[in-house]
Every structure is written in C-alpha cells, then in structure tokens.
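Computation of the quantities below employed the complete heavy-atom set of this structure, encompassing side-chain atoms and omitting hydrogens, waters and symmetry-equivalent molecules. First the proteins, then the strands, lettered A, B, ... as listed; each starts at 1.
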Protein chains: 2
Amino acid sequence: MQTLRRPKVRDQVAGQIQKYIVDQKLGPGDRLPTETQLAETFGISRLSLREATKSLEFIGIVESKTGVGLTVGRIDMERLTEHLAFHAGLLEADPQQLIDSRVILETGALPHVARRMKDDSAIDTRLRELVDQFRSARDLKTWIELDIQFHRSLLDASGLQPLVAFGDLLHIFFQRFRESVNKAGWKAGVESHQLIVDELVKGRVAAATAELRKHIESHKERI
Amino acid sequence: MQTLRRPKVRDQVAGQIQKYIVDQKLGPGDRLPTETQLAETFGISRLSLREATKSLEFIGIVESKTGVGLTVGRIDMERLTEHLAFHAGLLEADPQQLIDSRVILETGALPHVARRMKDDSAIDTRLRELVDQFRSARDLKTWIELDIQFHRSLLDASGLQPLVAFGDLLHIFFQRFRESVNKAGWKAGVESHQLIVDELVKGRVAAATAELRKHIESHKERI
DNA sequence: TATGTCTGATTGTCAGATAATCTAGTCAGG
DNA sequence: CCTGACTAGATTATCTGACAATCAGACATA
C-alpha cells in the first residue's frame, strides 16, 4: 500500500521559495527576504522555514551568510555529485535504463553537433584536445574525469542547454559503472572517442552515431 | 579572494552522518540512531542536527518518519530533477532549445515504445484511449491537459524512467507555449497524435518519428 | 581622504515544551 | 489458539523565545 502522509511543511515551503525565485525572476546573487519575513509570509515559524532554506542551501539553490541574508545561489553539480557519489549503493535506478537513456540523449545530440561544427571550429578543437589528453592519461581516475568531460562537451557542443543539464544528472547515477572499467575497456574507449570526432568532422553523422551507441552500450557488459 | 568562512556546523554534521552510514555499512531502510542520540554524539543541539538531517533528507540520502525514526533512504532521480529545474541552463532556456530537446527525447523513445508494444497490448490501449478523449475535448484547457498526458504516456511507454523525469521537467518550461495554441493547431494536433499511434502499432517507427517531429516542431511557428 | 568604531540587521545556535504519529505489546472476545 | 481494538512509550514535527556571532554601512575622528 502506498503510504499516505501528510505533506511536510518544509517541503511545501521549499517549493514555495523556489516558486518565489522564479516568479520574481531572481537570478544568482539576488537578495531574498529575511528569514523572519519569509516565515511570516508563509505563516510558519522561523525554525520550520529554516529547515526549508537549509535544504535548499544544501544543493545550492540559495546561499545564506551570517549578518547578510539569503541570496539566490548557483547550483554546482560537483558538490551534489560529491554527496551522491558517496552513496552509490543508495541510488535506485535501473542500469539498463540509464544506458538506454544516455544513448538517446547523446546520439540525438549528434546531428546538432555536426551542424554547429561547420560554423564553429572551436568545437572541433575542443573535442580533439580532450581526445589527445585521453591518450596521455595514465591512471583510471583521470581517465574517468576526462571521459565525463568528453561526453559533457559533446552535449554542450549541440548547443542545447537542457540536454547538458540532464546529462549531468545522468552522470551522477552512472558513476558506479565507470569505476568498473578495466585497462582493455579504457583503451577501446580512447579509440572510440577518436573515431566519433573524426566521423563528425567529416559530416558522417550516421557513422558517428553508430560508434557512439556502441561505445555507451559497451557498459552493458559490466553490469 | 576566496571568502574564508567558518565551516558551518550542519555541513560538518551532514558529512559525519554520511560517514556514519558508510562506516556502519548501512543500506536503504536501515535504522539510524534517534535525533537525540545523534545530537549527543556530535555534541550539538538537536536543532542543528535536524538541519543537517533535513538537508540529507532533501536529496533522499536519509528518510525520517514521525514516530519511527531516521532510516537510510533511496535516491531517486525524479526528486532530484524536480529541484534541479533551477540548473542555470534551464532557467534561461531558449524556446528553440526546449523544442529541439523535446524532439530528441521523444523521437528517441519511439523505438523503445514500438518494441514494448508488441509484448504489452495495454500500451496500445492506453494511447488510443487518450487520442479518443482528445476528439471529445471541447475547450483548450482540457486539450492541453490531455496533450501533456499523451506525451507523458508516450515516454512512459518506453519503459525508461529517466526520460519521463526529464520530460516532466521540460514540460514545466514548455507550458507557456501551449497556451498559444489556436483552434486550427488543436485540430491538427488530434490528427497528429492519431497518426503517431497508428504508425507505431504497425511497427513503422520511422514514419511515426517523422510525424512526431513535425508535431513538436509545429510549436516553433508560435514563438 | 583615510581609518577606526559603533550600531542595527540578519543569520547561527541553543533550550525547553507541546502536538502528532508510529510501533509494539496487552488484553478481551471468539 | 487466533484476531482485533486499545493503550503506552518512543520518536519526530513544530513552535516560542532567547542570546551569540557576524556583517554592511553610517558615523566620527584624525
């Protein structure tokens, strides 16, 4: 049976604060009302309000400084990843689904990347740079780091910000598979990345897509 | 210059709680000590401890139930996406980008939908039901409601939960365009949905994809 | 102008209390 | 022996009120 719970005050409040930020069209750094004012506005105690703001602060939606007040913050994915990666075991997501989703996301981005590459040579440069760094990577840790960067840059190159945001999120859940990469898979990964970039530059999107799909789906063997 | 701040109590405590979970090798559902006990252990007031646990609860690392206590939680993507709607890129999302992202997302899901349709006739039924309700929709409000449901069901039918979560997020930002749909666009939308389902049932994924793309991109005319 | 100081505003932390809710055990009735 | 209602204790949820720590800006002083 689904547990019926009374909606918790702080969650509602957290939602309302987010809504407030959007409605008022506030951006990073902008001031929010003081805790006391907010508490009065929502008709709750300052303490309950605090639990809401502290939660939001935890993931970076707001920042609070003593003696200053609350400001809208910048979400930084690294911070979040740090906390979440710590708890790889708690992440509940079907690996298979994660992989399929990534394939859809990244292969879907490729046509956009190819199109933009024609006008902006910086994209090409950036991707090649990363591939080169790959080759000189000596340990698994930096390899993983670069792999994330490569795929992020790929999505970024599509010019579609929403995809980048979603990609970041998927990566958090993906982390644990990455750690199971062995030397052979590593080597294959380098070649794969190189190939993808080469095909893209030539404008052969279909070939790049096929390679990218194969590359991502290679994770399936390790689950 | 980097601001020097006194490390905040609750962040330290949040870290310690996480450490505790890992050290004790706790998994989802396992009990944690009570708030009072934890507060004593860390030598802080129960209130400060609460701010830490609430933060962790916010992203799903722990759960707390009244009358029961704290348990280790499961982290699910839906919850996170909800809050990360604030991710910088999305806040200032360009309508064009939103549309392109949706196209990638939904057309990418179609092959999965088609495959699953073969084994599960309920999917077919569900989608047809929605199309039928479309025809009998009389005002714009219910039409929009049904449109959202249709596209959500489509993603849901792919069996890929991450896509559903992301789709929901995109819809939030999409809302404003929806309201600008006129009678003609409405009529065309009904036919379009019908066609997509028909093609899918016949297993003609490419045709369905083309139609879906056209359908979503029709929004471009209205921005 | 430059520098040190004061002050009001705001968040950080605490203690103590009451309400709401859940778990586990108790006990009556069959 | 079993089942269901009920009670008691434990635990979190929320509130009130208070004081400490910190900061930005005004103000006075040289």
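- The two residues B/S158 and B/R116 have their closest heavy-atom pair at O-CD, 3.3 Å.
- B/Q161 CD: 12 or fewer foreign heavy atoms inside a 6.0 Å radius.
- Contact check, A/S64 against C/dG12: a side-chain N or O comes under 4.0 Å of OP1 or OP2.
- The closest side-chain heavy-atom distance from B/L70 to B/T34 is not below 4.5 Å.
- Comparing B/L32 and A/S45, the nucleotide of DNA chain D nearest to each residue sits closer to the 5' end for B/L32.
- Applying the 4.0 Å criterion to OP1 and OP2 of D/dA10, one finds that B/T34 has every side-chain N and O outside that range.
- With C/dG12, C/dT21, D/dT14 as the candidates, the nucleotide lying closest to the side chain of A/S48 is D/dT14.
- Put simply, A/T36 has no side-chain N or O that comes within less than 4.0 Å of OP1 or OP2 on C/dT10.
- Contact between the side-chain N/O atoms of A/K54 and the OP1/OP2 oxygens of C/dG12 is found at a separation under 4.0 Å.
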Show me the donor-acceptor pairs within less than 3.5 Å that the side chains of residues 16-23 of chain B make with the rest of the protein, sequence neighbours left out.
residue: B/Q18; atom: OE1; partner: A/H87; partner atom: NE2; Å: 2.9
residue: B/Q18; atom: NE2; partner: A/H83; partner atom: ND1; Å: 2.6
residue: B/K19; atom: NZ; partner: B/D23; partner atom: OD2; Å: 2.9

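- Residue B/E63 contributes atom CD, which lies 14 Å from atom P of C/dC22 at whole-angstrom precision.
- The nearest whole Å value for the distance from the NZ atom in B/K65 to the P atom in C/dT21 is 15 Å.
- Within 3.5 Å, no donor on the side chain of B/R46 pairs with an acceptor on the base of C/dG16, nor the reverse.
- Atoms CD (B/E51) and C1' (D/dT12) sit 16 Å apart, rounded to a whole Å.
- Residues A/L47 and A/V68 each lie close to DNA chain D; by heavy-atom proximity, the contact nearer the 5' end of the strand is made by A/L47.
- Between B/K54 and A/E51 there is no salt bridge, since no side-chain N of the basic residue sits under 4.0 Å from a carboxylate O of the acidic one.
- A straight line from CD1 of A/I44 to P of D/dT16 spans 11 Å, rounded to a whole angstrom.
- Spacing between atom CG of A/L49 and atom P of C/dT10 amounts to 14 Å, rounded to whole angstrom units.
- Per the geometry, CD belonging to B/E40 stands 13 Å off P belonging to C/dC14, to the nearest Å.
- The distance from atom CG of B/L70 to atom P of D/dA10 is 17 Å, rounded to the nearest whole Å.
- Taking atom CZ on B/R31 and atom C1' on D/dA10, their separation rounds to 9 Å, with Å as the unit.
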